[in-house]
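All residue numbers in this chain count up from 1 along the given sequence.
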Amino acid sequence: QTRNRIARITTSGAVDSWDPNANNSVHAIVATGSEVYVGGAFTQIGGASRHYLAKVGVTSHAADAAWNPNPNHAVHALVLAGTDLYAGGLFTSIGAQPRNRIAKLSTTGTGAADPAWHPDAEGGGAFALALHGTTLYAGGSFTNIGGIPFGRLARIQKSNKEIDPTWNPNANNTVLAIAVSGSDVYVGGDFTQVGGQARNRIAKLSASGAGAA
């Protein structure tokens with residue numbers, strides 16, 4: 001089937017009729033029972049003008065008429081937590097607020113950015129997010145977050161945006177993927193050193209202390 005950059009595939013491997021038809025790359029998808037949040041480099045999806053981020057129906061594949069955070073650059077990572085959607089990317093404004101590369105958005109209404117939650121990543125983008133309990137892990141090419149020097153990996157409290165100053169594995173190049181399992185944090189990317197050890201592009205880090213490999 002012809003599908004432009006986004007498709008839904010059944011567990012039997014068939015492509016179904018759902019077709020939001022994005023006009024450019026899709027980098028991140030998170031789904032609920034009735035909605036799909038999509039981030040990428042597109043400017044049109046679900047039959048509507050949507051810059052880089054959209055909420056699309058799972059039955060209609062149409063973009064939500066009201067929800068439009070309108071980031072000013074590409075979205076690369078999405079994590080959903082109840083009525084909050086965490087987004088990472090290359091943007092410097094989103095949800096009608098200045099936000100450097102990471103933001104918390106409401107899943108209701110227009111998708112407004114949380115007025116108090118602003119970790120403020122600088123020096124590069126945020127390309128990977130993972131939520132574990134009350135902690136949001138962020139990875140990318142940023143070198144500073146919350147006013148603290150960090151080497152492309154950081155740990156943020158999801159409730160108050162407080163940055164953990166101790167956990168700093170200090171990857172020497174871009175982080176593109178994060179997964180958390182218990183006390184282990186798995187990361188992938190372009191790095192050759194992370195967590196104080198030589199690691200070629202994939203590593204397991206401790207979720208405690210400084211984040212040793």
**Prompt:** Are L176 and L90 connected in a single hydrophobic cluster, I mean Ile/Leu/Val/Met/Phe/Trp/Tyr linked by side-chain heavy atoms less than 4.5 Å apart?
**Reply:** yes
**Note, L105 side chain near D84 side chain (heavy atom, < 4.5 Å)** = no
**Message:** As a quick check of understanding, evaluate side chain to side chain contact (heavy atoms under 4.5 Å, CB included) for V26 and F42, giving each step before the final call.
**Reply:** CA-CA 7 Å; V26 169; F42 54 82; 4.1 Å; yes
**Request:** Could you pull out the closest heavy-atom pair between A41 and A74, with the gap in Å?
**Result:** CA-CB, 4.3 Å
**Request:** Would you mind listing every side chain to side chain donor-acceptor pair (under 3.5 Å) that reaches into residues 169-179, with sequence neighbours excluded?
**Result:** N172-T192
**Message:** Run the side chain to side chain contact (heavy atoms under 4.5 Å, CB included) test against A63 and tell me which residues pass, sequence neighbours left out.
**Reply:** A48, R50
**Message:** Show me the pairs that pass salt bridge (charged side-chain N to carboxylate O under 4.0 Å, His left out) and involve residues 202-213, at least two apart or across chains.
**Reply:** none
**Residue pair I156 / T135, side-chain heavy-atom distance below 4.5 Å** = no
**Request:** Report the distance from atom NZ of K104 to atom NE2 of H118, rounding to the nearest 0.5 Å.
**Result:** 13.5 Å
**Asked** Side chain of S141, backbone of G125: donor and acceptor closer than 3.5 Å?
**Response** yes
**Prompt:** Can you name the residues that form a salt bridge (charged side-chain N to carboxylate O under 4.0 Å, His left out) with D184, not counting sequence neighbours?
**Reply:** none
**Asked** Can you find a pair of side-chain heavy atoms, one from I29 and one from I6, that are under 4.5 Å apart?
**Response** yes
**Item:** V56 vs W67 side-chain heavy atoms within contact, under 4.5 Å
**Value:** no
**Closest non-hydrogen atom pair between R99 and D114, with its separation** = NH2-O, 2.5 Å
**Request:** Quick one: which residue pairs count as a salt bridge (charged side-chain N to carboxylate O under 4.0 Å, His left out) with a foot in residues 173-182, not counting sequence neighbours?
**Result:** none
**Asked** What distance do L80 atom CG and L131 atom CG have between them, rounded to the nearest 0.5 Å?
**Response** 9.5 Å
**Asked** Do you know which two heavy atoms are closest between I94 and A113, and how far apart they sit?
**Response** O-CB, 3.7 Å
**Complete:** Across all chains, not counting sequence neighbours, the side chain to side chain contact (heavy atoms under 4.5 Å, CB included) partners of T92 are N72, N100, R101
**Asked** At what distance, to the nearest 0.5 angstrom, does OG1 of T2 lie from CG of N4?
**Response** 7.5 Å
**Message:** Within the structure provided, determine whether T43 and N24 are in side-chain contact (heavy-atom separation under 4.5 Å).
**Reply:** no
**Request:** Report yes or no: do V38 and L85 belong to one cluster of Ile/Leu/Val/Met/Phe/Trp/Tyr joined by side chain heavy-atom distances under 4.5 Å?
**Result:** no
**Asked** Going only through I, L, V, M, F, W and Y residues with side-chain contacts under 4.5 Å, is there a path from V194 to V180?
**Response** yes
**Fill in**
Here the salt bridge (charged side-chain N to carboxylate O under 4.0 Å, His left out) pairs for residues 3-21, sequence neighbours left out, are R8-D16
**Request:** Measure across L78 and G39 and return the closest heavy-atom pair with its distance rounded to 0.1 Å.
**Result:** CD1-N, 3.6 Å
**Item:** Results of side chain to side chain donor-acceptor pair (under 3.5 Å) for T108 - residues two or more places apart only
**Value:** S106
**Message:** For residues 158-168, which residue pairs pass the salt bridge (charged side-chain N to carboxylate O under 4.0 Å, His left out) check, not counting sequence neighbours?
**Reply:** R155-D164
**Request:** Name all pairs fulfilling the ring-ring contact (aromatic ring centres under 6.0 Å, His included) condition that reach into residues 159-189, sequence neighbours left out, sorted by first residue then second.
**Result:** Y137-W167
**Prompt:** Under a 4.5 Å cut-off applied to non-hydrogen side-chain atoms, are I178 and L153 in contact?
**Reply:** yes
**Message:** Looking at every heavy atom in both P119 and I163, which two are closest together, and how far apart are they?
**Reply:** CB-CD1, 4.2 Å
**Message:** So does P98 get a backbone contact from the side chain of S93, meaning a donor-acceptor N/O pair under 3.5 Å?
**Reply:** no
**Asked** Which pairs with one or both residues in residues 73-114 pass ring-ring contact (aromatic ring centres under 6.0 Å, His included), sequence neighbours excluded?
**Response** H27-H76, H76-F127, Y86-W117
**Prompt:** Looking only at atom types and distance, does a side-chain atom of R201 sit under 3.5 Å from a main-chain N or O of V187, one as donor and one as acceptor?
**Reply:** no
**Prompt:** Is the backbone N or O of A14 less than 3.5 Å from a side-chain atom of T10, with the two atoms forming a donor-acceptor pair by type?
**Reply:** yes
**Item:** From CA spacing to verdict: side chain to side chain contact (heavy atoms under 4.5 Å, CB included), N68, T110
**Value:** CA-CA 5 Å; N68 187 11; T110 60; over 6 Å; no
**Request:** For R152 and F142, indicate whether the former's side chain and the latter's backbone hold a donor-acceptor pair under 3.5 Å.
**Result:** no
**Prompt:** Under 4.5 Å between any side-chain heavy atoms of V175 and F191, yes or no?
**Reply:** yes
**Asked** Which atom pair, heavy atoms only, marks the closest approach of A54 to I45?
**Response** CB-CG2, 3.5 Å
**Request:** Following the transitive rule for hydrophobic clusters with a side-chain heavy-atom cut-off under 4.5 Å over Ile, Leu, Val, Met, Phe, Trp and Tyr, establish whether L129 and F150 coincide in one cluster.
**Result:** yes
**Asked** Is the backbone of G57 close enough, under 3.5 Å, to the side chain of W18 for a donor and an acceptor to pair up by distance?
**Response** yes
**Complete:** Those residues at least two apart in sequence (or on a different chain) that pass salt bridge (charged side-chain N to carboxylate O under 4.0 Å, His left out) with K55 are E35, D64
**Prompt:** Any side-chain heavy atom of I145 sitting closer than 4.5 Å to one from D120?
**Reply:** no
